[in-house]
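Everything below concerns the one structure shown next.
Note that the structure is a prediction, hence the values are computed from the model and not measured.
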Amino acid sequence: MIDEIVGWRAGLDDLLARFAHRFGRAEPRRQALSYRVGLLSPLASMNGRTLAEAAGDTTLDRMQRLLDRSAWDPDAVRDDLFAYVSEHLGDDDGLAA
């Protein structure tokens with residue numbers, strides 16, 4: 001279990017490195033990673049409150065600030081994420097095995 005957690009953490013660090021340059025400050029960079037982790041989690045409902053709670057936030061403030069007021073390009077981050085997923089999960093033929 002510990003090895004699996006360590007592996008996931010290393011993968012998340014690699015993912016963060018892919019899009020970290022899209023954010024000018026460390027706070028929104030970390031919150032964006034928490035947002036991504038929340039989107040990948042098995043939450044019954046995905047909304048600002050549940051994503052904030054999954055990130056360990058006690059209020060919605062940080063998640064709302066990231067999504068509403070932080071300066072970043074969501075399309076560019078999406079493209080970075082797509083490239084990461086393609087490299088790690090993609091198949092040369094475009095088909096999953």
Side-chain angles (χ1 to χ4, degrees):
M1 179 76 164
I2 297 294
D3 291 339
E4 186 176 338
I5 292 169
V6 170
W8 270 96
R9 184 69 224 174
L12 289 174
D13 289 343
D14 185 34
L15 176 59
L16 177 60
R18 285 295 180 107
F19 64 81
H21 67 282
R22 305 286 184 191
F23 299 88
R25 297 181 41 150
E27 294 86 357
R29 196 175 304 138
R30 283 192 300 267
Q31 194 66 26
L33 181 60
S34 294
Y35 177 70
R36 292 283 182 206
V37 170
L39 291 175
L40 295 171
S41 68
L43 296 172
S45 171
M46 293 208 184
N47 58 51
R49 180 168 303 283
T50 59
L51 290 172
E53 289 172 357
D57 297 339
T58 56
T59 68
L60 289 171
D61 295 344
R62 289 182 189 164
M63 201 62 71
Q64 286 179 328
R65 191 174 312 115
L66 171 71
L67 298 174
D68 294 337
R69 294 183 294 276
S70 293
W72 60 286
D73 182 352
D75 292 331
V77 172
R78 180 206 54 220
D79 293 345
D80 293 338
L81 178 61
F82 180 80
Y84 176 85
V85 169
S86 294
E87 288 173 21
H88 289 84
L89 301 177
D91 188 85
D92 291 341
D93 296 328
L95 302 171

**OP:** Check Met63 against Ala55 and note the closest heavy-atom contact, atom names and distance.
**Re:** CE-CB, 4.1 Å
Original post:
Heavy-atom count around Arg49 CZ within 6.0 Å, excluding the residue itself: above 12?
Top reply: no
**OP:** Measure the spacing between CG of Leu66 and OG of Ser34 and express it to the nearest 0.5 Å.
**Re:** 9.0 Å
Original post:
Does Asp73 use its side chain to pair, donor to acceptor, with the backbone of Asp75 at less than 3.5 Å?
Top reply: yes
Original post:
Less than 4.5 Å apart, any side-chain heavy atom of Glu53 and any of Leu43?
Top reply: no
**OP:** First locate atom CG of Leu60, then atom OG1 of Thr50, and finally report the distance between them rounded to the nearest 0.5 Å.
**Re:** 9.5 Å
Original post:
In the single-linkage hydrophobic clustering (I, L, V, M, F, W, Y; side-chain heavy atoms under 4.5 Å), do Phe82 and Leu39 co-cluster?
Top reply: no
Original post:
For atom OH of Tyr35, is the number of surrounding heavy atoms from other residues, nucleotides or ligands below 6.0 Å larger than 12?
Top reply: no
**OP:** Write down the atom of Phe23, the atom of Arg29, and the distance for their closest heavy-atom approach.
**Re:** O-NH2, 3.1 Å
**OP:** Measure across Pro28 and Ser70 and return the closest heavy-atom pair with its distance rounded to 0.1 Å.
**Re:** CB-OG, 3.9 Å
**OP:** Look up atom CZ in Arg25 and atom CD in Gln31, then write down how far apart they are to the nearest 0.5 Å.
**Re:** 12.5 Å
Subject >> Euclidean distance, Leu51 CG relative to Met46 CE, rounded to 0.5 Å >> reply: 6.5 Å
